[in-house]
Structure formats: C-alpha cells, structure tokens
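Residue indices begin at 1 and follow the sequence shown. Keep in mind the model is a prediction, meaning the values are calculated, not measured.
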Amino acid sequence: MSSWSEKMLQLLRRMNSFHLPGSGLEKCLRFEVGGQQVGWIPPNVVSVLGRFPEVFCSPHGGAVSLCPGLDSLERRSAAVEVVLQELRDGGSFSCLKGWRNENYAVMPRYCDAPLMHMERAATSLFGVKRYGVHVNGFSRDGDGNLSMWVARRSKTKQTYPGKLDNLAAGGLAAGCTVKHTLVKECEEEACIPASVAQRATPVGTISYTYEDEDGVFPECQFVFDLELPSNFKPEIGDGEVQDFYYYPIEKVKELLASEEFKPNCAMVVLDFLIRHSVIEPDSEPYYQEFVSGLHRSL
C-alpha cells in the first residue's frame, strides 16, 4: 500500500505526464501563430486539420502554422472558430462536446499580447496554455491551528463531477484580469462578497502539463490565500458546487491521498501545505520533489 508521500508523487507525475519519457511530446507538432510557438498538436489532430488548407498550412519543419493571410487576432480567431464549429458538428473530437462558449487567449507567454482567441473546450487539441485562478479559504483558531474550506463539485459539472475542489476557482477567460476572475468566482460559487474576496492574497502559481485522450493540457493557476473569520460560512451560489466542508488542515491533508480531489485542486492544497509549514523538509523525504513538481515550466 502506497504511503501518503508516494501518492503525492504519483499525483505530480500524472499531472506532469507530458514531460515523462515515452509521452506524446516526441510525436506532437509545434503549433505556431505569427511565427511564435503557442502549443503542441497531437498527430491525430494534425491529420484532421489537413482538411482545412485555407486555415492551416501543411506541416513543415515539425510545426503547423496558420495561413499567412490570417494576420490579425480577429482574422485568426474567426477562421479557427469556423473550423472548430465544423469539427464540433461532425463529432470529430469528444472534448468539443463540452463546448463552453468561452474564449481563452492564445499567446506564447502570459506576459505576451494575445495572438488569437480560441474556444476553451478546443484548447487541448492544440496544446495551448490555459490559465486559471484558485482560492484557498482558511481560518485559524485561537491557538493558531489551521482549518480549510473545501468545496464539493456539482454532480452535473462537465469535468470531475462530485470531486473535492478549492473554495473557489475558475478559468481565465480572454480579456479578463486575474483579480476580476478571483472576485467573480468567489461571488458566483461561494457567495463571498467582493469586499471580502478582494482581501485574498496572491501567493504565486502552480504549473504543469499533462496529456490524455483529449490532447495536451499546459496549465498555470494563479493561487490566492483568503483568510476568513472562524464564523464565516460560504453559501452555494451558481450551482457549480453542491456542498462546502470545513476541515482541520490534517484532515484535508489526508483527503489529498484519497483521490477525492480534482487533481489540480489537490496540487493547490499541496502548495498551501508547503507554504504554511504543514509539510517540512526534515520530515517529508520528497519535499524537494513536491516543490519542483508543482512548478514545471510550460
């Protein structure tokens, strides 16, 4: 039976599977827009894109590019949207069944200007970077002992239904700031007033890249800590959450090994445990592996 530490290592390996030997990385082609790499396209997607020569150039030099005439954010976004809608209607890829009508910005790095926008559900087909915001809600008792609020995802969620989640979290839609997303998700998911949500402290990011049957997922989550009064209680808002639990931090730590957590939310909690010295280097043999596994370059 695996120990808690070994289960955390397994989680981090799974969430960084694109970096492991034998992954699809060697077979993927670079996705380039405006001469800059913005993603990785799996071979099964490359073959389908060949049906759209007016949008995608034939593979060359290990890369797939948009046609040169698509020379603005608006033209690129519109042309790719037409392709994606056709693929969606034809049932070509199962991930497109989860169409969100929500665009993500596509750019080489977060600090770069967007080169185009793309439907969220399609981003894994092109291996483009996805960004999000996750909030750790916690309190301390009079002795300084930590407890954390944990959400249970709705059974009707498109992804990871019924799994445990952070207090609030959401993807970073095109044109939205991190702070706007933070406040919006806190209000919508947990009925946390904006005046309270804005007190959340940015504490860094976690980043990882995994692959599955839907494609490649390079993701970076902006992480916030929100210390709440001990008598505070979140309320179910938009229906994306079915319940909230308030657990001592050691109970939350135990749950990380149970596979009850949505995997990237488990990573956010693991990062919290490290930063708040619940896990320490002298007592956790894999401390350094945990830290590096939470912060892989995209």
Side-chain angles (χ1 to χ4, degrees), residues 15 98-105 110 114 117-121 123-124 128-139 147-208 217-229 232-247 252 255-256 260-272 275 294 298:
M15 294 302 284
W99 197 274
R100 304 282 192 106
N101 288 314
E102 178 183 358
N103 281 331
Y104 276 2
Y110 182 75
H117 293 162
M118 181 182 289
E119 158 62 33
R120 174 177 178 170
T123 52
S124 62
V128 301
K129 297 172 185 175
R130 300 145 56 104
Y131 297 89
V133 177
H134 285 244
V135 183
N136 294 301
F138 71 100
S139 302
S147 292
M148 177 178 277
W149 282 102
V150 176
R152 173 81 69 185
R153 294 165 67 85
S154 167
K155 293 177 181 176
T156 59
K157 287 282 287 182
Q158 289 180 355
T159 56
Y160 302 99
K163 292 289 188 180
L164 294 177
D165 204 326
N166 306 119
L167 175 63
L172 199 60
C176 291
T177 65
V178 173
K179 179 59 75 74
H180 170 85
T181 303
L182 161 77
V183 173
K184 170 178 168 287
E185 297 298 337
C186 282
E187 286 184 320
E188 290 180 355
E189 295 185 356
C191 297
I192 298 172
S195 59
V196 175
Q198 287 170 348
R199 297 204 298 262
T201 304
V203 292
T205 63
I206 65 165
S207 51
Y208 49 88
F217 295 79
E219 298 187 344
C220 174
Q221 311 299 344
F222 293 91
V223 180
F224 287 77
D225 282 358
L226 177 58
E227 186 163 5
L228 297 160
F232 177 86
K233 191 176 189 314
E235 298 176 8
I236 296 172
D238 58 9
E240 295 199 2
V241 171
Q242 59 173 301
D243 209 349
F244 289 103
Y245 311 115
Y246 186 58
Y247 290 141
V252 178
L255 285 168
L256 289 187
E260 278 217 55
F261 265 94
K262 180 172 180 267
N264 66 345
C265 299
M267 293 177 73
V268 171
V269 175
L270 179 60
D271 174 68
F272 181 93
R275 290 185 292 99
L294 291 167
L298 298 186

Original post:
How many angstroms lie between CZ in F224 and OG1 in T181, if you round to the nearest 0.5 Å?
Top reply: 9.0 Å
**OP:** Give the minimum heavy-atom separation between E219 and L298, together with the two atoms involved.
**Re:** O-CD2, 3.5 Å
Original post:
Looking only at atom types and distance, does a side-chain atom of E119 sit under 3.5 Å from a main-chain N or O of N101, one as donor and one as acceptor?
Top reply: yes
Subject >> Side-chain heavy atoms of V150 within contact of E260, under 4.5 Å >> reply: no
**OP:** Mind listing the closest non-hydrogen atom pair of S139 and L228 along with its distance?
**Re:** OG-O, 2.7 Å
Original post:
Taking atom OG of S154 and atom CG of D238, what is their separation to the nearest 0.5 Å?
Top reply: 9.5 Å
Subject >> Distance-only polar pair, side chains of T205 and S207, donor-acceptor under 3.5 Å >> reply: no
**OP:** Dump the intermediate steps for salt bridge (charged side-chain N to carboxylate O under 4.0 Å, His left out) on R199 and E227, then the final yes or no.
**Re:** CA-CA 8 Å; R199 297 204 298 262; E227 186 163 5; over 6 Å; no
Original post:
Can you find a heavy atom in the side chain of F272 that is under 4.5 Å from one in the side chain of M148?
Top reply: yes
Subject >> Value rounded to 0.5 Å, distance of CG in L182 from OG1 in T177 >> reply: 9.0 Å
**OP:** With sequence neighbours excluded, tell me which residues meet salt bridge (Lys or Arg N to Asp or Glu O under 4.0 Å) with K184.
**Re:** E188
**OP:** Would you check, one step at a time, whether the test side chain to side chain contact (heavy atoms under 4.5 Å, CB included) holds for D225 with R275?
**Re:** CA-CA 11 Å; D225 282 358; R275 290 185 292 99; 2.8 Å; yes
Original post:
Taking the side chain as C-beta and beyond, is there a heavy-atom pair between C186 and V183 under 4.5 Å?
Top reply: no
Original post:
According to the ring pair (Phe, Tyr, Trp, His ring centres under 6.0 Å) rule, which pairs have a member within residues 147-183, sequence neighbours left out?
Top reply: W149-Y246
Original post:
Which heavy atom in A174 sits nearest to a heavy atom in A105, and how many Å separate them?
Top reply: CB-N, 3.8 Å
**OP:** Output the distance between atom CZ (R120) and atom CD (Q158), rounded to the nearest 0.5 Å.
**Re:** 8.5 Å
**OP:** For ring pair (Phe, Tyr, Trp, His ring centres under 6.0 Å), just list the numbers for F222 and Y110, CA-CA rounded to whole Å, side-chain angles, deciding distance to a tenth of an Å, and then say yes or no.
**Re:** CA-CA 11 Å; F222 293 91; Y110 182 75; 5.0 Å; yes
Original post:
Which heavy atom in F244 sits nearest to a heavy atom in L167, and how many Å separate them?
Top reply: CE2-O, 3.7 Å
Original post:
About how many Å separate CE of M118 and OG of S124, when rounded to the nearest 0.5 Å?
Top reply: 10.0 Å
Original post:
What do the steps show when you test L164 against K262 for side chain to side chain contact (heavy atoms under 4.5 Å, CB included), and what is the final call?
Top reply: CA-CA 6 Å; L164 294 177; K262 180 172 180 267; over 6 Å; no
Original post:
Taking all atoms of both residues into account, what is the closest heavy-atom pair of Q198 and K179, and its distance?
Top reply: O-NZ, 4.2 Å
Original post:
Distance only, no hydrogens: is a donor on one side chain within 3.5 Å (strictly under) of an acceptor on the other, for R130 and Y104?
Top reply: no
Subject >> CG-CG distance between N136 and L226, expressed to the nearest 0.5 angstrom >> reply: 9.5 Å
Subject >> Inter- and intrachain pairs under side-chain hydrogen bond (donor to acceptor under 3.5 Å, both in side chains), touching residues 164-173, at least two apart >> reply: H134-N166, R153-D165
Subject >> Minimal non-hydrogen separation, I236 against Q242, with atom names >> reply: CD1-O, 3.1 Å
Subject >> Short side-chain donor-acceptor distance under 3.5 Å, Q221 and Y208 >> reply: yes
**OP:** Could you check if a side-chain atom of R152 sits within less than 4.5 angstrom of a side-chain atom of Y245, using non-hydrogen atoms only?
**Re:** yes
**OP:** Go through the steps for K157 and E240 under the test salt bridge (charged side-chain N to carboxylate O under 4.0 Å, His left out), then give the verdict.
**Re:** CA-CA 7 Å; K157 287 282 287 182; E240 295 199 2; 2.9 Å; yes
